[in-house]
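Source: prediction; values computed, not measured. A, B, ... follow the sequence lines: proteins, then strands. Residue 1 opens every chain.
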Amino acid sequence: MNDFIAARSQMALSLGFHIIYSCIGMVMPVFMAISHYKYIKTRNPVYKNITQAWSKGVAIFFATGAVSGTMLSFELGLLWPEFMKHAGPIFGMPFSLEGVAFFIEAIALGFFLYGWNRFNQWFHWFTGIVVGVSGILSGILVVAANAWMNSPSGFDYVNGQYLNIDPMKAMFNQAWFSEALHMTLAAFVATGFAVAGIHALMVYKKRNVGFHSKAFKIAVFFAAVAAILQPFSGDIAAKSAAKRQPAKSAAMEALFHTQSYAPLVIGGIPDTVNKRNKFSIEIPGLLSFLEHDNFKQEVKGLDAIPVKDQPPVAITHYAFQIMVIAGMIMMLAGVLYFIALWKKKSWLFKDWFLKLFIISTPLGFIAVEAGWTVTEVGRQPWIIQGIMRTGEAVTPMPGIVYTFYLFSFVYFTLSLAVIFLLWRQIKMVPQLYDR
Amino acid sequence: MLTVVILFLFFAIVLYFLLGGADFGAGIIEFFTSDGNKHRTRKTMYQAIGPIWEANHMWLIIAVVILFVGFPVIYSQLSIYLHIPLLIMLMGVIARGTAFSFRNYDAIKDEKTQALYNHIFTYSSVITPLFLGIIAGSAISGQIDPGANTFASAYIFSWFNWFSISVGFFTVSLCGFLAAIYLIGEATEPNDVQRFINKAKALNLAAFICGGLVFIAAEVENIHLAQWIFGNVISLTAVIAASISLVLLWITISLGKKMIARVFAAFQVTMILLSVGYRHFPNFIILKGGQKMSLLTDHAPVKTIDDLGIALLIGSLFILPALFYLYYSFKEKNKDAV
Ligand code: HDD
Ligand code: HEM
Ligand code: HEM
């Protein structure tokens, strides 16, 4: 492994780790607020227990999210100093606003976690809402920064100089809306399915059914709504990517040749040497339709892009397929949930129904990681699309391979620790909350 | 707007030192507390920093964001040449933050895992401010060498020198001192109060010694620290004010006025930062050979600085009242409740 690959892997690792915690940090406060609201309204202690049990989990995740985020704000410079030197002043706006949002989130979290029985209950409830809203806002803001890397705007690039910088224009670039919408929904899908799955498992095992089935209900509702909406926002994202990053789109779809009636390629193994897909199913015209609302429209393939500007095809294609498959399964689960809710109440406690959600536990997070792989690997070899190559941005310091090993070790240990702690939380539910 | 941005940067750094520093200090004190008393120290500490510790560390993020948006050249220069100490500091941040919340939120509080969390927490509470100090010292030490052609001279000696390291130890002792003064006011048992007073005395002495080391190291490395600090009116005044407030601090403590003592401690540290900061302003980094990177010239384009300034001003409208209310609620209200 050379230092350049190590730097990229380290960035990917850190972001892939952080995104899990940020999804949870954005969504769990919303779940807690719902359950807290139900408690205030019904005075049913189970809801208070759920809120408190969740808030302990959230405190663990929040700390991990905060430290990994702090790492990231340094890593941007540690690994990509040349990028930050030029990009900082342009795409920094969302980061400064995000700093504000984080700050408010951290303050509100202090109130929320330590505020039981200290404040007016509605004030206490409101601080929970503030945690959620500022979490979601910060998510949207960072994604706007990432969208700028995919769709640079707000400056003129003249002879290697970045002139006429306008940070607000840079923030509201072409990609920000589609990415922010898709990401926010993704956070709900991923966290929702993970939480619902864990509580479904407990219901399935007949442990503290009263507690877990109420918790399941709150989580699954959001998960289902978001999962049904997600493919639509994915379609918006795909159209937007096709417009600004034809190379990424082509790699995503493994479309080697520019053509009209372009097919949607499902599955298969991209063969980059012979420029074709093995074992794939192709539906003629569907890709043209998805990207341009028109079956006939010509779609740019990889052959329209110089080889030195092409992203790795196989990784991007596989990642895209994984995201879409996971998305489809979760959408189906969401639809089934609503059928159960409205027409077939008896399904709700059937084994097969619970099993469906148990199996889906990791799917949302798998889709999130895959989706980010599409976005980031699909942008290669550019760190700023069309402007700066990733290779020009990397730090001159040798030995990044070793820092990559160090980070891998740290994140691996932390993940184990978090799983361990979560397991202990769940194990203690009967003692703490079931009387 | 540039002035506004620079002021925010200075405030973020000072506040991080005062609030985050006291947090680190709490861990440093735990590190130096005998096993029998550790439990009590921890309890006092947890009451003191539990609700606010997340917010305290946000000042670091704010400072970093201001640096990379407003002064990207400075940020990337530091990131390249101080990669290693930054990395170690980050490892400290990770270990400390996670250990602190894990030990409180672990659903099963058995001895073995608690002991592990405590170990990680106390060690990283010392290492993190040590390296923060090293980083700060290195920025002005004149040892960062963009022309370096070996790994060691570019990435090691930029921070591994007497001056930076002694600044690191000075920082550690100051953090511990701040925290001790702070905890005196939190403790409820007379025994604990006395313990923290003793700790504060010891750490005060340590800070003196480390401060002396900084001066000696500066001479060794050919840095004219004494001249920087005593050679201009403002810095000199700040140093004198710091010394006076130290005397007043001990008087107030012996009178039992714990809250006022805190103010003096904070004031004293602010003055120390001011005396160094004033002499250096507007320079943020001094490179080998005396070349300087300055906040007044090496900043982002004006449009960016303007927008950043506006964002910071609007942000502080939201943040400051909320933050004050947070401190107020958990400090003053608590006092009544107990
Ligand atoms: C629960 C998670 C999840 C699910 C079910 C889906 N996605 Fe997704 N997708 C993401 C989570 C995600 C993501 C991790 O959040 C990404 C990465 C960057 C972004 O903005 O969202 C993403 C990126 C992303 C991109 C790249 C956007 C860009 O680079 O600008 C496209 C084209 C799609 N998605 C399309 C889809 C389609 C057609 C789906 C149909 C089922 C789908 N996604 C389901
Ligand atoms: C949290 C979700 C994200 C994930 C999982 C993610 C994932 C990745 C991956 C896989 C790479 C390596 C690509 C490669 O080398 O082939 C990468 C690179 C990078 N990402 Fe992201 N990314 C995320 C969000 C962001 C955001 C929000 C930013 C900045 C605003 C960002 C900035 C970068 C940078 C600077 C690189 C290195 C340069 C490059 O390889 O293009 N990423 N990321
Ligand atoms: C798509 C990518 C990202 C999303 C959606 C996201 C979202 C979030 C959220 C919601 C939090 C709050 C943590 C929690 O509640 O657990 C958080 C924390 C943090 N993130 Fe990210 N983030 C992303 C990428 C990044 C990047 C690229 C950086 C740095 C450059 C970053 C810096 C931070 C920092 C500094 C914190 C800690 C703030 C605190 O103490 O609360 N994030 N992020």
Side-chain angles (χ1 to χ4, degrees), chain A residues 56-57 59-60 62-64 66-71 73-78 81-82 84-90 92-93 95-100 102-104 106-111 113-114 118-119 164-168 395-399 403 406 410 414 417 421 424-425 427-428 432, chain B residues 50-55 57-58 60-62 64-66 68-70 72-73 75-80 83 86-87 89-91 93-98 100-102 104-108 151 154-155 300-301 303-305 307-308 311-312 314-316 318-319 322-323 325-326 329-330 333 337:
Chain A
K56 286 202 183 128
I60 293 169
F62 191 89
T64 322
V67 291
S68 60
T70 309
M71 303 276 278
S73 47
F74 283 94
E75 264 182 296
L76 283 177
L78 291 178
E82 199 51 35
M84 289 309 282
K85 196 154 107 192
H86 300 292
I90 313 174
M93 199 59 195
F95 279 114
S96 15
L97 295 175
E98 185 208 15
V100 173
F102 281 152
F103 215 132
I104 293 171
I107 295 172
L109 193 78
F111 277 114
L113 289 181
Y114 296 82
R118 276 194 207 215
F119 299 106
N164 301 327
I165 291 175
D166 183 345
M168 290 312 269
T395 179
M397 190 180 98
T403 71
L406 178 68
V410 168
L414 267 184
L421 283 164
R424 305 233 281 197
Q425 292 281 348
K427 204 169 109 181
M428 289 302 281
L432 292 173
Chain B
I52 48 178
W53 87 280
E54 191 78 57
H57 291 271
M58 288 308 300
L60 177 63
I61 315 252
I62 299 282
V64 172
V65 171
I66 294 178
F68 79 57
V69 179
V73 184
Y75 171 83
S76 59
Q77 198 78 357
L78 289 177
S79 304
I80 293 174
H83 193 121
L86 280 166
L87 194 73
M89 179 207 79
L90 284 174
M91 291 296 150
V93 168
I94 277 232
R96 206 186 108 88
T98 47
F100 181 78
S101 20
F102 289 179
N104 285 302
Y105 288 101
D106 196 340
I108 302 173
F151 183 85
Y155 304 110
K303 184 82 173 60
T304 302
I305 293 287
D307 287 5
L308 177 62
L312 290 169
I314 296 177
S316 52
F318 288 99
I319 290 175
L323 198 60
Y325 188 56
L326 181 72
S329 313
F330 286 102
K333 270 196 178 172

* Side-chain touch A/I104/B/I319, heavy atoms, less than 4.5 angstrom -> yes

* To do: Answer whether the closest heavy-atom distance between the side chains of B/Y75 and A/L76 falls below 4.5 Å.
  => yes

* Asked: Taking C-beta and beyond as the side chain, do A/F74 and B/L60 meet within less than 4.5 Å on heavy atoms?
  -> yes

* **Max heavy-atom pair count under 4.5 Å with chain A, selected residue of B/I314, B/L312, B/L90, B/I66** => B/L90

* Pick one of side chain, backbone, both or neither for A/L78, based on which atoms fall under 4.5 Å of a heavy atom in chain B. => both

* Structure fact -> Heavy-atom closest pair (B/M58 atom, A/A106 atom, distance to 0.1 Å) is CG-CB, 4.0 Å

* Measure the spacing between CD1 of B/I94 and CE of A/M71 and express it to the nearest 0.5 Å. => 4.0 Å

* Structure fact -> Highest number of heavy-atom pairs under 4.5 Å with chain B among A/G88, A/P81, A/P89 belongs to A/P89

* Side chain, backbone, both or neither: which part of A/I60 has an atom under 4.5 Å from a heavy atom of chain B? -> both

* Pairing residues for B/H83 by the ring pair (Phe, Tyr, Trp, His ring centres under 6.0 Å) criterion, not counting sequence neighbours -> none

* To do: Can you sort out the partners of B/F102 under ring pair (Phe, Tyr, Trp, His ring centres under 6.0 Å), two or more places apart, ordered by chain and number?
  => none

* Structure fact -> Between B/P72 and A/M84 the two heavy atoms that sit nearest each other are CB-O, 3.7 Å

* To do: Heavy atoms only, distances under 4.5 angstrom: which of B/L78, B/L87, B/V73, B/I305 has the most pairs with chain A? Name it, please.
  => B/L87

* Structure fact -> Residues A/I107 and B/A322: closest non-hydrogen pair is CG2-O, 3.8 Å

* Which atoms form the tightest heavy-atom contact between A/S96 and B/V69, and what is the distance? -> OG-CG2, 4.4 Å

